[in-house]
Amino acid sequence: MPLTPGVLYLLASVACSVTVAVLLKLARRYDVDVRQAITVNYAMAALLCWGVLRPDPATLVTPQTPWLVLAALGVLLPSVFLAMAVAVRHAGIVRSDAAQRLSLFIPLLAAFLLFGESISGRKLAAILMAFSALACLLRRPAASQGIADSRAAWLWPLVVWAGYGVIDILFKQVARAGTAFAGGLLLAFVLSGVLMLAYLLYRRVRWQCRHVLAGVALGLANFGNILTYIRAHQSLPEHPALVFASMNMGVITLGTLVGALAFREPLTRINALGIALALAAIVLMAPW
């Protein structure tokens, strides 16, 4: 495949997504307070969203603005981000990234169950394959760790999977309400940052420079992932399935390589089967 701008955007998006997980993995090693880092991350992401995507101020506050949905996003986005940090710590980058990517099947399932969309045999097979993949990925032998650690190794990736799936549904509801993507994203970032800041002020957390710098790096990677994914779709308007499948498969593949090679994360044969099933489910679900 030639290195066209669309392909380069895709590669950058995959790299940014995995970088977020790597930064969360390193946070414990360098004693970074992820609460402070995630708060600064949303401030950074909001500033970048305003400066780069330039949402129309007139679309930010209208009678159609779904404030309840945005409020739910403001609570869920930082909560699931914190859950992702715990998942990466206990289950590793491989399982956490794969669980996050498999969350895309939750809005697909909701479309059938809640919004009355018709289901095809191919999509049903993809959903069943995705659930099988998740079950394989969450399997971890308890012999190598304590019972509490073993429970955390499957519980937190499951929380990440469910949380990001609900977030995807809420963003789709924002779009259905007619809110422009850039405006909805900015409002969600601002609400998330404000709620996290209020929590930290309530807890009287002492701010430190290294936590703030970690948050800046996290915000750059987080927003970079979103921006380059949007640009990839814009550069390859006739190939949405390619962008969709390449992004999700790329994150799972690169996350597996980084987790296994850089951080020596152990993978059982069942886990490897889960990764293979996850990749196959994404290919099967893509709207080719």
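Everything quoted here is computed from the prediction, not taken from an experiment.
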Count the heavy atoms belonging to other residues, nucleotides or ligands that lie under 6.0 Å from [atom1] of [X], then report whether that count exceeds 12.
X      : atom1 : value
Phe171 : CZ    : yes
Leu68  : CG    : no
Arg210 : CZ    : yes

Under 3.5 Å: donor-acceptor pair, side chain of [X], backbone of [Y]:
X      : Y      : value
Tyr42  : Leu77  : yes
Ser13  : Asn225 : yes
Thr65  : Trp67  : no
Thr19  : Ala15  : yes
Arg101 : Asn248 : no
His211 : Asp33  : yes
Gln100 : Gly165 : no

Practice problem: Is it possible for you to check whether Lys123 lies under 6.0 Å from the centre of the six-membered ring of Phe112, through NZ or CZ, and within 45° of that ring's axis? | Solution: no
Exercise. Go through Thr253 and Thr256 one step at a time and tell me if the side chain to side chain donor-acceptor pair (under 3.5 Å) criterion holds.
Key: CA-CA 5 Å; Thr253 303; Thr256 300; over 6 Å; no
Quiz item: Among all residues two or more places apart in sequence or in another chain, which pass the side chain to side chain contact (heavy atoms under 4.5 Å, CB included) test with Ala87?
Solution: Ser96, Trp156, Pro157, Val160
Quiz: residues 173-190 side-chain donor-acceptor pairs under 3.5 angstrom, not counting sequence neighbours:
from	atom 1	to	atom 2	distance (Å)
Gln173	OE1	Arg176	NE	3.4

Quiz prompt | Exercise: identify the closest heavy-atom pair between His90 and Ala153 | solution = O-CB, 4.0 Å
